[in-house]
Amino acid sequence: MKKYTDSGKKDTRSGFGAGLEELGKTNENVVALCADLTGSLKMDAFKANHPERFFQVGIAEANMIGMAAGMTIGGKIPFTGTFANFSTGRVYDQIRQSVAYSGKNVKICASHAGLTLGEDGATHQILEDIGLMKMLPGMTVINTCDYNQTKAATIAIAEHDGPVYLRFGRPKVANFTPEDQKFEIGKALQLTEGKDVTIVATGHLVWEALLAAEELETQGISAEVIDIHTIKPLDDEAILKSVEKTGCIVTAEEHNFLGGLGESVSRVLAENKPTPQEFIATKDTFGESGTPAQLMEKYGLNANAIKTAAQKVIKRK
């Protein structure tokens, strides 16, 4: 099995900031809007170097979405930045009506997603945002796994015509994907080959899936790990090709099992090839205050939980 190396822990939100700053240099149509969280979203460099294209709207997220939608009419490519719960739940009506319904070219960029923002607690730990956004017609939904992938995705979505939801996180996590990668929207990445079980993961759970696969290998279990960075459009072909070989699947995500990656995969399997599946996700619950590691352990979102789910689903074949 191919071994992946952590080149040094970095936060995915900094990958977004780096990608945005590069776009500032290469694409004069890119503008950035932030709802009073410039530092948290790592938008400082863009603000400093392109002040005429940066708009601080304050704690007025609904207004920010409306402004962004309007800017697209003049040919601008607006990137909005705030926490994931403010980027989706707080402004869902504005996104639905002003962005998705009319297909506006707005890039909704959301940090502090899932449980791993930690001590801020349940009010800020949105676990339903992927479901909210993927149900909007025409909305592309991306959930990146590390710094390098987030930077590449940020650059790539500027070239995509249409609304995008880009989801990333707060903590420093393993940075293991190539620095020079080409990010292709809607194309899953097979990280390891395996014959006994498929593990498809997204976001912070991709690294945990790789760790689980290494542990399973010591037990004689061959796991195929697939990085699903784009949840919509989903790479149906990659999923079906893998389960044709392995006969069972585990889905892993830092999100509610209702409405997330797991349910999207279930649809693909139900329509094409019914297959035993286990879900690593939160189970219809809100989060709570705690360190990221404590929360991921309590809610079963780590390598050990993925390993256990893989062992279980293999027995169901």
Side-chain angles (χ1 to χ4, degrees), residues 12 84 87-88 108 110 113-116 125-136 139-146 149-150 153 164-169 173 177 183-192 197-213 223-243 246 248-285 287 296 299-303 305-306 309-310 313:
T12 49
S87 288
T88 57
I108 301 163
L115 290 172
T116 48
Q125 295 162 355
I126 194 162
L127 295 164
E128 64 272 18
D129 53 316
I130 289 174
L132 287 170
M133 300 306 281
K134 80 176 188 180
M135 286 189 293
L136 289 170
M139 181 68 70
T140 293
V141 179
I142 297 171
N143 186 37
T144 50
C145 67
D146 70 357
Q149 190 173 86
T150 308
V164 175
Y165 178 59
L166 176 62
R167 181 191 206 244
F168 43 93
V173 294
T177 66
F183 188 90
E184 189 174 349
I185 294 172
K187 187 68 174 176
L189 300 173
Q190 182 180 314
L191 303 183
T192 70
V197 60
T198 297
I199 303 173
V200 296
T202 188
H204 294 150
L205 272 292
V206 177
W207 178 249
E208 297 296 321
L210 287 169
L211 295 178
E224 186 151 288
V225 177
I226 298 175
D227 170 14
I228 302 281
H229 53 62
T230 306
I231 295 168
K232 182 187 176 187
L234 191 64
D235 192 344
D236 298 11
E237 182 180 352
I239 294 164
L240 292 170
K241 180 180 178 182
S242 184
V243 298
T246 64
C248 61
I249 189 168
V250 174
T251 54
E253 61 193 306
E254 189 184 347
H255 188 271
N256 195 337
F257 79 122
L258 299 170
L261 169 66
E263 281 203 343
S264 290
V265 171
S266 291
R267 174 196 57 78
V268 174
L269 299 177
E271 290 178 344
N272 297 277
K273 185 176 176 58
T275 304
Q277 177 180 355
E278 290 290 327
F279 295 76
I280 296 299
T282 60
K283 304 300 193 292
D284 193 24
T285 182
M296 297 296 265
Y299 289 87
L301 308 181
N302 55 23
I306 295 171
V313 79

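Contact between G169 and T12 at its shortest, heavy atoms only, is N-OG1, 2.7 Å. The two residues G287 and L127 come nearest to each other via the heavy atoms N-CD1, 4.1 Å. Residue V225 comes nearest to A213 through the heavy atom pair CG2-CB, 3.7 Å, listed as atom of the first residue, atom of the second, then distance. Taking every heavy atom of both residues into account, N256 and T282 meet most closely at CA-OG1, 3.1 Å. Between A238 and A188, the closest heavy-atom pair is CB-CB, 4.0 Å. Considering every non-hydrogen atom in both D227 and C145, the closest pair reads OD2-SG, 3.8 Å.
A salt bridge does not link K241 with E237: every distance from a Lys NZ or Arg NE/NH1/NH2 to an Asp or Glu carboxylate oxygen is 4.0 Å or more.
A heavy-atom distance below 4.5 Å is found between the side chains of I226 and I228. With a 4.5 Å cut-off on side-chain heavy atoms, Q277 and L269 count as touching. Under the 4.5 Å side-chain criterion, counting only non-hydrogen atoms from C-beta, T198 is not in contact with V250. Side-chain contact between R267 and E263: absent, with no pair of heavy atoms (C-beta onward) separated by less than 4.5 Å. With contacts defined as side-chain heavy-atom distances shorter than 4.5 Å, the pair W207/V173 does not qualify. At least one side-chain heavy atom of T140 sits less than 4.5 Å from a side-chain heavy atom of I185. Counting heavy atoms from C-beta outward, Q149 and L189 have side chains that approach closer than 4.5 Å. Side-chain contact check for T116 versus M296: some heavy-atom pair is nearer than 4.5 Å.
Taken from CD1 in I239 to CG in D235, the straight-line distance is 6.5 Å, to the nearest 0.5 Å. One finds the CG atom of L115 at 12.0 Å from the CD1 atom of I126 (value rounded to the nearest 0.5 Å).
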Query - S264/K134 under side-chain hydrogen bond (donor to acceptor under 3.5 Å, both in side chains): CA gap, chis, key distance, verdict - result: CA-CA 9 Å; S264 290; K134 80 176 188 180; 2.6 Å; yes
Query raised in the report: Is there a side chain to side chain contact (heavy atoms under 4.5 Å, CB included) between L166 and I108 once you walk through the steps?
Result: CA-CA 6 Å; L166 176 62; I108 301 163; over 6 Å; no
Query raised in the report: Can you list the steps and then say if L205 with I306 is a side chain to side chain contact (heavy atoms under 4.5 Å, CB included)?
Result: CA-CA 9 Å; L205 272 292; I306 295 171; 3.9 Å; yes
Query raised in the report: V313 and V197: side chain to side chain contact (heavy atoms under 4.5 Å, CB included), yes or no, with the steps?
Result: CA-CA 8 Å; V313 79; V197 60; 3.8 Å; yes
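Residues meeting the ring pair (Phe, Tyr, Trp, His ring centres under 6.0 Å) test with H204, sequence neighbours left out: none. Y165 is linked by a ring pair (Phe, Tyr, Trp, His ring centres under 6.0 Å) to nothing, counting only residues two or more places apart in sequence or in another chain.
Judged by distance alone, the side chains of E224 and S242 do bring a donor and an acceptor atom under 3.5 Å apart. Side-chain N/O atoms of N143 and E253 include no donor and acceptor closer than 3.5 Å.
Counting only distance, with no hydrogens or angles, the side chain of T246 and the backbone of C248 share a donor-acceptor pair below 3.5 Å. Looking at E128, its side chain never comes within 3.5 Å of a backbone N or O of G259 through a donor-acceptor pair. Listed for the E208 side chain is no donor-acceptor partner under 3.5 Å among the backbone atoms of N302.
The aromatic rings of H229 and F183 sit tilted relative to each other, their planes meeting at an angle between 30° and 60°.
Among the candidates T202, D129, L261, the single residue satisfying the side chain to side chain contact (heavy atoms under 4.5 Å, CB included) test with H255 is D129.
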